[in-house]
Amino acid sequence: MTHKDEQFMEIAIKLALKSREDGNEPFGAILVKNNEIVMYGENKINSNCDPTHHAEIGLIRNYCSENNVFDLSEYTLFTSCEPCVMCTGAMVWSNLGKIVYSVSHDQLAEIAGSNIMISCKEVIEKSPNKPVLVEQILNNEGLKVFEGYTFTH
């Protein structure tokens, strides 16, 4: 973990708060290359009426499409919460170099109730591409995003 990791995670957490304020679930992500943010992502499942528009997968979809890029091996994705199975799959298929998250899957399951109980680490272990994984950066700050929040799905 580096000071830069913490700075980038602060931004992802702020995006999660913005997503919550916008009426979506409280998740945010950023994509970084060479210590520069190249794309921001927020959960937009409600505003887009799209249950698959999680912060991470929306970010990957938009960035790759807009930049005609399939290989994210030189990129790091910072996300306010451990990526779900769907988002981790997108990270593997895009050959993402590194994943950094704040709130763990197990912590989220305690907050949100039942969930698909497969961690991103398990998905990565069974995948052909294996992004580097940095876990629970600014964990307390990430958990604050969920204070008073109720999941409806």
Side-chain angles (χ1 to χ4, degrees), residues 1-22 24-45 52-67 69-112 115-149 151:
M1 178 187 69
T2 67
H3 181 63
K4 272 283 193 207
D5 285 351
E6 290 182 351
Q7 288 179 313
F8 287 132
M9 186 58 68
E10 283 178 16
I11 296 166
I13 290 169
K14 285 179 183 167
L15 286 167
L17 287 167
K18 183 179 181 310
S19 179
R20 179 178 173 171
E21 290 166 8
D22 291 344
N24 293 294
E25 291 189 342
F27 302 101
I30 58 171
L31 189 63
V32 174
K33 182 179 183 186
N34 298 325
N35 281 322
E36 290 193 23
I37 299 170
V38 297
M39 180 72 69
Y40 298 86
E42 294 175 42
N43 180 289
K44 295 188 178 189
I45 63 168
T52 69
H53 200 110
H54 292 190
E56 304 93 335
I57 205 166
L59 179 154
I60 291 169
R61 185 185 302 136
N62 293 340
Y63 185 80
C64 290
S65 176
E66 290 174 17
N67 295 281
V69 172
F70 279 86
D71 183 355
L72 298 179
S73 58
E74 296 179 14
Y75 296 77
T76 300
L77 194 147
F78 290 83
T79 179
S80 60
C81 194
E82 181 176 352
C84 72
V85 173
M86 175 183 68
C87 291
T88 305
M91 293 173 194
V92 167
W93 294 128
S94 64
N95 201 29
L96 183 68
K98 184 176 175 182
I99 301 165
V100 182
Y101 72 80
S102 177
V103 177
S104 76
H105 177 270
D106 289 341
Q107 289 173 314
L108 180 63
E110 282 183 32
I111 296 164
N115 203 330
I116 298 173
M117 298 306 290
I118 302 171
S119 69
C120 72
K121 191 181 285 189
E122 290 177 82
V123 175
I124 291 168
E125 286 171 359
K126 296 177 180 179
S127 299
N129 302 320
K130 300 191 183 329
V132 172
L133 187 61
V134 180
E135 303 171 275
Q136 294 187 289
I137 300 299
L138 298 183
N139 187 248
N140 289 331
E141 292 85 339
L143 286 168
K144 287 179 186 169
V145 172
F146 297 101
E147 288 178 0
Y149 184 80
F151 283 88

Start with the C-alpha distance between Ile11 and Tyr40, add both sets of side-chain angles, then the distance that settles side-chain contact (heavy atoms from CB on, under 4.5 Å), and finish with yes or no.
CA-CA 9 Å; Ile11 296 166; Tyr40 298 86; 4.0 Å; yes

Treating Ser19 as the side-chain partner and Asn43 as the backbone partner, does any N or O pair qualify as donor plus acceptor under 3.5 Å?
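Flag set: sc Ser19 to bb Asn43 pair under 3.5 Å.
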
With no hydrogens and no angle check, is any side-chain donor or acceptor of Asn139 less than 3.5 Å from a backbone partner on Ser102?
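Checked: pair present.
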
For Val100 and Phe8, what are the C-alpha separation, side-chain angles and deciding distance, and is it a side-chain contact (heavy atoms from CB on, under 4.5 Å)?
CA-CA 9 Å; Val100 182; Phe8 287 132; over 6 Å; no

Look up atom [atom1] in [X] and atom [atom2] in [Y], then write down how far apart they are to the nearest 0.5 Å.
X     : Y      : atom1 : atom2 : result
Ile13 : Leu143 : CD1   : CG    : 9.0 Å
Glu21 : Lys18  : CD    : NZ    : 8.0 Å
Leu96 : Thr76  : CG    : OG1   : 7.0 Å
Ile60 : Phe70  : CD1   : CZ    : 13.0 Å
Leu77 : Lys98  : CG    : NZ    : 12.0 Å
Ile57 : Asn62  : CD1   : CG    : 11.0 Å

Does the side-chain contact (heavy atoms from CB on, under 4.5 Å) test come out yes or no for Met9 and Glu6, once each step is laid out?
CA-CA 5 Å; Met9 186 58 68; Glu6 290 182 351; 5.6 Å; no

How would you list, by chain and number, every residue that makes a side-chain hydrogen bond (donor to acceptor under 3.5 Å, both in side chains) with Gln136, sequence neighbours excluded?
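Partners of Gln136 by the side-chain hydrogen bond (donor to acceptor under 3.5 Å, both in side chains) criterion, ordered by chain and then number, come out as Gln107.
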
Between Lys130 and Glu125, what is the shortest heavy-atom contact and its length?
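Closest heavy-atom pair between Lys130 and Glu125: NZ-O, 3.2 Å.
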
For the residue pair Ala55 and Ala29, what are the closest heavy atoms and their distance?
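What the structure gives for the nearest pair is CB-N, 3.9 Å.
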
Please test Glu25 against Tyr149 for side-chain contact (heavy atoms from CB on, under 4.5 Å), starting from the C-alpha separation and ending with a verdict.
CA-CA 9 Å; Glu25 291 189 342; Tyr149 184 80; 3.4 Å; yes

For atom NZ of Lys121, is the number of surrounding heavy atoms from other residues, nucleotides or ligands below 6.0 Å larger than 12?
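Open: at most 12 neighbouring heavy atoms sit under 6.0 Å from NZ of Lys121.
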
Does a donor on one side chain sit under 3.5 Å from an acceptor on the other, for Ser73 and Asp71?
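Yes, a side-chain donor-acceptor pair sits under 3.5 Å.
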
Selection residues 26-41 - residue pairs positive for salt bridge (charged side-chain N to carboxylate O under 4.0 Å, His left out), sequence neighbours left out:
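Listed once each, the pairs are Lys33-Glu74.
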
Could you pull out all donor-acceptor pairs under 3.5 Å where a side-chain atom in residues 78-91 meets a protein atom, sequence neighbours excluded?
unit_1 : atom_1 : unit_2 : atom_2 : d
Thr79  : OG1    : Glu56  : OE2    : 2.7
Thr79  : OG1    : Cys81  : O      : 3.2
Ser80  : OG     : Gly28  : N      : 3.1
Ser80  : OG     : Gly28  : O      : 3.4
Glu82  : OE1    : Tyr101 : OH     : 3.4
Glu82  : OE1    : His105 : N      : 2.6
Glu82  : OE2    : Cys120 : N      : 2.9
Thr88  : OG1    : Pro83  : O      : 3.4
Thr88  : OG1    : Cys84  : O      : 2.8

